[in-house]
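Step one of this worksheet: look at the structure below.
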Amino acid sequence: MFTAPGRRGRERQPVHAVTRLMQLQSAAQAIPFHTNGMRVGLLGGSFNPPHAAHRAISLFAIKRLKLDRVWWLLTPGNPLKDNGRLHGLAERVDAALDVADDPRIDVSCLEAVIGTRYTVDTIIHLRRRVSGVHFVWIMGADNLAQFHRWQNWRRIAAEVPIAVIDRPPQSFRALAAPAAQALARYRLPENQAARLADQHAPAWAFLTGLKLDMSSTGLRNPDGSWKAKK
């Protein structure tokens with residue numbers, strides 16, 4: 001018997017083993033459920049471990065960007081990070097399903113299925129295979145600060161609109177970074193963020209108002225193991 005986290009202090013409710021098996025099978029599929037015209041946010045990362053901030057960012061983006069769903073794209077390994085202590089993909093998927101706890105959030109092993117290593121290749125694949133969906137790439141301000149180091153980052157910006165979620169104290173560093181400066185003229189005012197998914201790339205918005213001090217790094221022990229939940 002698996003258990004999923006309850007909401008707002010409620011007791012954790014049991015999830016039948018068959019239901020969890022179906023969730024795991026869905027995560028293993030190349031592309032989650034979608035229909036033409038759907039507005040989908042893409043949140044990529046190692047999710048090592050997944051945590052409440054991932055969920056909060058997703059729900060925040062759904063509300064502010066008027067999205068239908070958010071897909072968590074769990075990478076087999078981040079090219080910009082040391083993956084020696086990265087937990088197995090199956091373990092991270094299982095934990096992500098528990099944390100997501102919302103029918104509008106899909107957990108996906110897309111990159112492992114299609115064999116992509118870089119975000120740009122994943123996005124190009126999705127744009128070709130799912131051309132009727134309006135995608136938005138979601139990233140934290142800490143990622144914007146080093147976005148210029150990503151493989152072919154200009155192509156990413158040219159393929160999909162980008163929503164940057166403010167993560168103090170990274171705000172000023174992120175907005176002064178090379179990528180933000182290069183894309184400055186394509187930035188939408190925050191009060192127009194609900195239009196972002198319908199914009200032709202390049203287009204991006206910087207969203208403020210979500211205050212979370214949590215990261216996967218802070219939830220790992222020095223040996224790479226995940227800290228026990230309190």
When the side chains of residues 188-200 are checked against the rest of the protein, which donor-acceptor pairs come out under 3.5 Å, sequence neighbours left out?
| from | atom 1 | to | atom 2 | distance (Å) |
| --- | --- | --- | --- | --- |
| Glu190 | OE1 | Thr208 | OG1 | 3.1 |
| Glu190 | OE2 | Arg64 | NH2 | 2.7 |
| Glu190 | OE2 | Thr208 | N | 2.7 |
| Glu190 | OE2 | Thr208 | OG1 | 2.9 |
| Gln192 | OE1 | Arg195 | NH1 | 2.3 |
| Asp198 | OD1 | Arg39 | NH1 | 2.8 |
| Asp198 | OD2 | Arg39 | NH1 | 2.7 |
| Gln199 | NE2 | Arg195 | O | 3.3 |

Check: residues 125-134 side-chain donor-acceptor pairs under 3.5 Å, at least two apart:
| from | atom 1 | to | atom 2 | distance (Å) |
| --- | --- | --- | --- | --- |
| Arg127 | NE | Glu159 | O | 3.1 |
| Arg127 | NE | Glu159 | OE1 | 3.1 |

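Side-chain atoms of His34 and Asp68, non-hydrogen and from C-beta on, never get closer than 4.5 Å to each other. Between Arg155 and Tyr118, every side-chain heavy-atom pair lies at or beyond the 4.5 Å cut-off. Using a 4.5 Å heavy-atom cutoff, the side chains of Leu65 and Leu207 are in contact. A 4.5 Å side-chain heavy-atom check between Val40 and Leu42 finds at least one atom pair inside the cut-off. Between Trp72 and Ile105, the closest side-chain pair of non-hydrogen atoms falls below 4.5 Å. Here the side chains of Cys109 and Leu74 are not in contact, with every heavy-atom distance at 4.5 Å or above. Proximity of Ile123 to Val120: side-chain heavy atoms (C-beta onward) are nowhere separated by under 4.5 Å.
Between the side chain of Arg92 and the backbone N or O of His87 there is at least one donor-acceptor pair closer than 3.5 Å. Under the 3.5 Å distance criterion, the side-chain polar atoms of Trp137 are left unmatched by any main-chain donor or acceptor of Ile156. No donor-acceptor pair closer than 3.5 Å links the side chain of Ser46 to the backbone N or O of Asn48.
A distance of 10.0 Å separates CD in Gln181 from CG in Leu183, rounded to the nearest 0.5 Å. Between atom CG of residue Asp101 and atom CG of residue Leu59 there is a gap of 9.5 Å, rounded to the nearest 0.5 Å. Note that the CZ atom of Phe47 and the CG atom of Leu73 stand 7.5 Å from one another [nearest 0.5 Å]. Atoms CZ and CG, from Arg69 and Leu67 in turn, are 11.5 Å apart once rounded to the nearest 0.5 Å. Between Ser171 atom OG and Leu144 atom CG the span is 10.5 Å, to the nearest 0.5 Å. Taken to the nearest 0.5 Å, the CG atom of Asn152 stands 7.0 Å off from the CD1 atom of Ile124.
Partners of Ala141 according to the side-chain contact (heavy atoms from CB on, under 4.5 Å) rule, which considers only residues two or more places apart in sequence or in another chain, are Val164, Asp166, Arg167, Gln170, Ala174, Phe206. Considering only residues two or more places apart in sequence or on other chains, Arg187 meets the salt bridge (charged side-chain N to carboxylate O under 4.0 Å, His left out) condition with none of them.
Contacts classified as ring pair (Phe, Tyr, Trp, His ring centres under 6.0 Å) and involving residues 153-198 (residues at least two apart or in different chains) are given here: Phe147-Trp153. Listed by first and then second residue, the salt bridge (Lys or Arg N to Asp or Glu O under 4.0 Å) pairs involving residues 41-51 amount to none (not counting sequence neighbours).
Scanning both residues, Ala177 and Ala145, for their nearest heavy atoms gives CB-O, 3.5 Å. Pairing each heavy atom of Ala158 with each of Ala201, the nearest pair is O-CB, 3.4 Å. Summarising the geometry of Leu89 relative to Ala112, their closest heavy-atom pair is CD2-CB, 3.6 Å, with the distance given to 0.1 Å.
Between Trp71 and Phe135, the ring planes lie perpendicular to each other; the angle is over 60°, past the 30° to 60° tilted range.
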